[in-house]
Structures are given as C-alpha cells and as structure tokens.
Amino acid sequence: MIASNHNQSNPPDPSRPQAIKDAETTLGGSVVDSGINVDNPETMTRPIHPSPLDSFQVSHDADGLELEAQISLRRIAPRITQFWQQTETDDRLRDEFETRLIRHWSETFGLLHELYGTRYDFFYHLEQIILTAADAWVTRPESLRQVDRHREIEPDWFESEKVVGGALYVDLFSENLGRLREQIGYFQQLGLTYLHLMPLFAVRPGNNDGGYAISNYRSVDPRLGTIDDLRMLAEELRAVGITLVLDFVFNHTSDEHEWAKRAQSGDREYQQFYYIYPDRTEPDKYEHTLREIFPTVRRGNFTWHDGMEQWVWTTFNNFQWDLNYSNPAVFRAMLEEMFFIASTGIDILRFDAVAFIWKEMGTSCENLEGAHKIIQAFNRLVRIATPGVLFKSEAIVHPDDVVKYVGEDECQISYNPTLMALLWESLATRSTRLLNQSLSHRHNLPDGTAWVNYLRCHDDIGWTFDDADAAAIGINAYDHRNFLNHFYTGQFKGSFARGIPFQENIATGDMRIAGTLASLAGLELAIEKDDEAEKELAIGRMMLLQSITLSIGGIPLLYLGEEWGMLNDYDFVKDPAKAGDTRWVHRPKMKWEFLEELDDKIESGGGSIQRRIFEALQHLINVRKSQPALAGQQMELIKTDNTHLLGFVRMHQSHRLVVIANFADSLQSFSGNALRTAGMGRFFEDAITGQTFASSEDLHLKPYQTRWLCRV
Ligand code: GLC
Ligand code: GLC
C-alpha cells in the first residue's frame, strides 16, 4: 500500500508517511482536525459498529496531564478514523490498534509531552506520530501481525532455555543474503534460535564503520542483496523457529543519507535534523564535559564540514552525523524508519549506541534522562503498532547505567558488558573475586527482561566494571585496568592472550582491546608455539567462558567464528577502508572448509582443534536446552571459599541446577557437603559429562572445567 516502502531507489520523503499524504490528497488540503467528513459518501455509509475510540470518553476524575492526554486523544480520534477510511482498514485491525492505543495512551502522551510538550507545534507532531503508528500496523504483513498476537499472549518467549543466539556479518559469513538462506541448516546444526545480522543497509562508499554509517534504512546494501531477500530470509528463519535481530542505528546517519545531503545543500529544515554549528562557540562549550569515543579518529566530538562551512556533531567517525532528537521531526522520521525495518520481519531491534542519543550542555551527553524517554517513547509506539517486536539495548557503559535501559517499558533485553568484561578479568587473574562481587548485586533484572550474555562481539572489550566494586575487595581500578590492558595485549609476562589495542588514547593512556575469543584465550599463542598442553588449556578457557554465558541466566549470544576457535585476522590492514580500525582484527571471514571436516567419520572428540571446539560448543548448547532450570534470570551465588571457583544455583519453577566453574589452570575441589546443602541432595549428575556423584565426597574440577549439576 505504501509505495515508498517497497521502493529501493527513491529514498522516502522523510517528513510524512505516504498513507497520510494519500489521505491529504484525497481529502483535499491538510487533514488537521476535520472529524468525519459529511461530504464523503464513504463516511456516511460506515458500518454502525463503534470502534474502541468512538466509545472513548474523557473520564470525570482525570486531572492535570492525564486530563490533557484524554482530551488530546479525543481530538486525534477523528484523524485516526479518517485514516482507517482512507486505507479501507477492516474493523478487526482497527479495533486491535485502537484498543492498544487506548491502553498505552497516557504513557505515550506523557513521554512525548515531556520530550516535546514545550514546542509550539507539539500537537501537530503528536498527531503525525500516532498516524505513523497506525500506518505501521495497517501496512504490516499479516504473517507478522499473527506473531504480534501470539507474543502478546506469550511475552516472555525470549526467557526460555531453548533460546541461543548468534551474530554475524553477512558478507564475511556467506557473501550475501541469498547464500545466507542456504545456511539456515548450519544455524540449526549449531543450535541457534536467534540470529543477529550486523547492519546490512545501504551505506556510504569507503569506510562505513562496519555498516553503522547508513545512508538509507530502506534499502539493503546492493552487495548483500535486496529488501526482498531480507524479507525472504526472515520468513524462512521464522519457519524453523529462528528469530531475526537487526540493528536500529538511530544515534546517527551517514553523511550520505538523504537528510544529511539536504542539510548539506543548505536546507534549514534538515539542518535541524543534526547538530550543526557555524563556529566553535557551542562545540567548545560542549567539549568541556564530553568524553572522546574515537580519539584516534579525531580529537573531540565535532567535525568541520567544508561544503556547509559548519561544525557537525559526530560522536563516532567524522562521517556519522548525530541525529538531533530534541527535534520531534527527527523522532517521527526515525520512528517511520524503525517501523519499516520491523516490517521486513524483524523480531528484535538492537538499539545501537543508546547512551549517546540525548545531549545537554554541561553534561557528558551520555545516559541522560532524555535518552531513556526517547527509547521509552519508541517502546510505547511499538507496543501500539507492532507489539511482537522487542528492543535490545547496546549500552557499553558503567554497570549502573547499563541497567537503566533495561525494563519492559524500555529495552526488554540488553548486552551484559559487565559480565563480559569480568569473565575476561577472571580468566586473566584466575580469581573470581571481582566477578563474584559484581554478580552479587548486579545480575538481577526486572521481570520480563533478560541479559544477553556474550564473550566477544564485533566491538572491542572495555573494562567497564565499577570502581567501587573493585575497591570493595581491595583492587585499585585504575591499576587493574592497566594490568588487564597489558595482559590482553600480551605484554604482561606469562600472558596467554594475543589481543591488540583499540582506540589507544595517548593523552590518557586509556585503551580498549580487540581480538577474537580464541586469540584472547590463548589459542593463537599455543598454535604459534605448537604446544599441545597449551592448546588444551586454551580450549579449556574458551569452553569455560561459554559454559558461564550459556548457564548464568539470560540469552547466550555467540559471535560466529567462536564455534571454530577462529584466530585474529591481521590482514585487515591491507584494506584502506578498514586499516584504521583495529576491531577488524576480530572480524574474520568464515572458513567453510572447517565444516567439511565435521562430516568426516572421525569419532567425536577427535579431529582438528576446530572440530573439537565446534562439537564441544554444540554439545553445551544441546545440554543447555535440555535444562529447564536455565530458563529465566534467577541466579544465586554459592559461597565457594575458593577464589578460583565460581558457583551459583539456577532455579526456574521447580527445577534447579548448580554450576561450579574452575578459573584456575590447576585442579580444584569443592565440598560435596556444600553441594548437598545447595539443594543437590545425596546424589547428583553433571549434565555436561553425564558423570554421577555423591555428596559424601568432594567434587573435583580439572583446569578450567565447569560442571552443571542436577539431582538424580
Ligand atoms: C555501536 C556499534 C559500533 C559502532 C558504533 C557507532 O556501538 O556497535 O560498532 O562503531 O555504534 O555506530
Ligand atoms: C559504543 C561502541 C563501543 C565503544 C563504546 C564506547 O558503545 O559500541 O565500540 O567502546 O561506544 O563507550
């Protein structure tokens, strides 16, 4: 129905949904507050069946903002009615939408009012936003509406132990979307039920920050395929129970996006889509309190644009222009892009760089209240228009801030960067003290939400643990981060890791770490030294970390390549578009020859290192899926009295599973009696190995071994 939705070559008119424009053309002029048009025969013959909005009344006891909310809804109602008529929407769809609109109205109104209520044109934008939502529901494919309906009944589907995720770059994994469809069997073989594709939309030429510099949210990068390929992939994945996750890169567009181009050509309306300044006065004032995110790209956060002769706010690369969300037109325009992405069949939207989307002078412009309000407003509108869709937060910030994005009314799931960093910390120190300290008060999340637990992703590792957590156990955070950077870049004596620095800040000495799971866990060095014992230890470390993310509570997320222990790829420096960004070292191309070996009839546990890692991981995933205790998020730490061990109990309904993990490269033991009191009774079994034990004896763990214990 909306032609522009399917049109790849013409970027859409950013300012208004097509269906609204159609309505205006037909009805003549701008449809402002016209109500039912008596001259329009269609309205006259409308079925008598009243819609939920028709019967909506301003309640007698409402006051303050609530009263304004209700009055506003009454004022908008005729516009919505008109929209249904224009789009010939049937009564069922209309009723479903209106019911949800009414249910979520006061919150939606409250959020938008807080964000934009002081604007003279607030009501105009409010109306446009609601019509954009109505348009998203009406144009949504019926198969996705079915998913919406289903998920409204089963909102906690993502908390199941059966959910296991994987992330990949389409080009590096399978060249393009068409070939990716042929690999669905591979995902099933590994046990994945959730697939995150790195950004695949049209990008600027040259460096595009791995797809994060988008120039058109409605067309796929032609090298990867088309929007129809994406739709087909989503459909085929859905048919086999795999959900699809795509980024919503909403903090910035590329400098080649239509809006940025209009801004460059001098269009003042589109200059307001970004943060653009004629001179350094404002930028300098902001800089006082801003961090530098990519200090090796440029100093500061602003980029001079030669054409416009103005400064542009660019938190990341110079070509990534931060969007100005204090402008409601930006919110609405991005809402439309978000709905478009969702309509291709996306189950989860990864909200990229959430921390940065709201700016206020005199602050760090990170994690501000406005950022939360924006995401909550998007969340409310999704509940109204495309309720099956979930949000995942990418906030790689202080743990106190990470958790603020997590909520049923904001992002239902979130990367868990604190756990990620502290697992690596424990591996380096062979001590779980800091991990324990952090987990003891940071793991629990509100109902209806979940962590996404990962070890590596396409980005760097930053040591984002809390300084106070470190101080509580006598660790100086600054020194410790230095140690970790030394350790993971292989400079610390005895280090097994082979990472490289990312965004080393010469001024502050700060850096983050790039490198693949296998290279950071010691496999690269062991292979270099051709040392069998070291190789065993490296595999042990990799499986140890996986066994935690697969069991601690939440969605485990593999970064594909991990399943083969892929090493750093130093060839990225040969590509000028990648050479300046060391994260490419851990974005290697898939080697399909690994897979061929799997079919050889080698007995399990034998064969190459790659095959062993794949099979070990596949096994762990299968075991996870067989353990209902691993559903949900509930986790209680067990006091192990051994700094090398991490112990916790997972509980779900009547199920219980105890995890004991050894972070040392030596044998460790754990008291059988302590396991008995942790609910294991007299006899129990390790679900990973199938071995059975009695609590009358102590439990032994080999170097880096994890046991998942359940009663027999
Ligand atoms: C996100 C992405 C990262 C990218 C940045 C800018 O943090 O994960 O890869 O560089 O946003 O888009
Ligand atoms: C973004 C990027 C990550 C970077 C972080 C800095 O979240 O994804 O690469 O480390 O910002 O705070």
Side-chain angles (χ1 to χ4, degrees), residues 165 167-172 196-204 206-215 217 221 245-257 260 274 290-298 301 303 312-323 325 334 337-338 341 348-359 365-367 371 375 391-398 401-402 405 411 413-417 420-421 452 454-462 464 502-503 512-516 557 559-560 572 577-587:
L168 59 85
Y169 285 93
V170 175
D171 56 341
L172 298 173
H196 172 209
L197 304 182
M198 299 307 297
L200 41 70
F201 296 103
V203 284
R204 68 193 297 281
N207 185 356
N208 56 51
D209 190 19
Y212 284 96
I214 296 177
S215 49
Y217 296 88
D221 180 338
V245 187
L246 276 196
D247 280 80
F248 181 43
V249 184
F250 75 131
N251 174 68
H252 44 263
T253 71
S254 104
D255 56 354
E256 298 253 336
H257 190 282
Y274 302 94
L290 294 180
R291 260 198 316 156
E292 295 178 305
I293 305 304
F294 282 0
T296 62
V297 167
R298 98 193 83 70
N301 288 269
T303 302
V312 186
W313 196 315
T314 55
T315 298
F316 297 93
N317 291 287
N318 295 344
F319 49 79
Q320 288 163 303
W321 288 22
D322 287 47
L323 285 163
Y325 279 94
M334 283 306 283
E337 302 313 283
M338 181 186 78
I341 298 171
I348 301 174
L349 289 165
R350 173 191 181 276
F351 272 54
D352 180 57
V354 288
F356 302 93
I357 60 168
W358 193 263
K359 336 268 192 204
C365 297
E366 286 184 50
N367 307 306
I375 305 166
F391 293 177
K392 166 179 173 180
S393 146
E394 191 244 356
I396 315 301
V397 289
H398 187 279
D401 291 316
V402 173
Y405 295 92
C411 295
I413 62 177
S414 163
Y415 279 105
N416 191 350
M420 183 276 289
V452 175
Y454 66 113
L455 300 168
R456 293 299 298 111
C457 67
H458 67 292
D459 280 333
D460 47 288
I461 302 177
T464 55
F502 174 66
Q503 296 297 330
R512 280 115 68 187
I513 300 294
T516 65
L557 178 63
Y559 177 56
L560 289 198
F572 73 96
K578 296 181 174 173
D581 189 331
T582 55
R583 288 174 297 176
W584 287 104
V585 84
H586 57 240
R587 299 168 180 174

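For ligands, and for the atoms within them, numbers begin at 1 and follow the listed sequence. Please read all numbers here as calculations on a predicted model, not as lab measurements.
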Short side-chain donor-acceptor distance under 3.5 Å, Gln503 and Thr296: yes

Close-contact set for ligand 1 against Glu394 heavy atoms, below 4.0 Å: 1 (C), 7 (O), 8 (O)

Subset of ligand 1 atoms that lie under 4.0 Å from at least one heavy atom of Asp459: 2 (C), 3 (C), 7 (O), 8 (O), 9 (O)

Side-chain donor or acceptor of Asp247 paired with backbone N/O of Val249 under 3.5 Å: no

From CA spacing to verdict: side-chain contact (heavy atoms from CB on, under 4.5 Å), Lys359, Asp322: CA-CA 10 Å; Lys359 336 268 192 204; Asp322 287 47; 2.5 Å; yes

Atoms of ligand 1 close to Asp352 [distance to a heavy atom under 4.0 angstrom, numbered from 1]: 1 (C), 2 (C), 7 (O), 8 (O), 11 (O), 12 (O)

Structural part of Met198 in contact with ligand 1, heavy atom criterion under 4.0 angstrom: neither

Check against ring pair (Phe, Tyr, Trp, His ring centres under 6.0 Å), His458 and Tyr212: CA-CA 12 Å; His458 67 292; Tyr212 284 96; 5.4 Å; yes

Close-contact set for ligand 1 against Asp209 heavy atoms, below 4.0 Å: 4 (C), 5 (C), 6 (C), 10 (O), 12 (O)

For Arg583, atoms of ligand 1 separated by under 4.0 Å from a heavy atom: 3 (C), 4 (C), 9 (O), 10 (O)

Aromatic plane relationship, His586 with Tyr559 - under 30° parallel, 30 to 60° tilted, over 60° perpendicular: perpendicular

Set of salt bridge (Lys or Arg N to Asp or Glu O under 4.0 Å) partners for Glu292, sequence neighbours left out: Arg299

Element-labelled atoms of ligand 1 that are located less than 4.0 Å from some non-hydrogen atom of Gln320: 6 (C), 12 (O)

Polar contact flag, side-chain donor to acceptor under 3.5 angstrom, Thr253-Tyr217: no

Proximal ligand 1 atoms for His252, defined as those under 4.0 Å from one of its heavy atoms: 6 (C), 12 (O)

For ligand 1, the portion of Phe294 having any non-hydrogen atom under 4.0 Å away: side chain

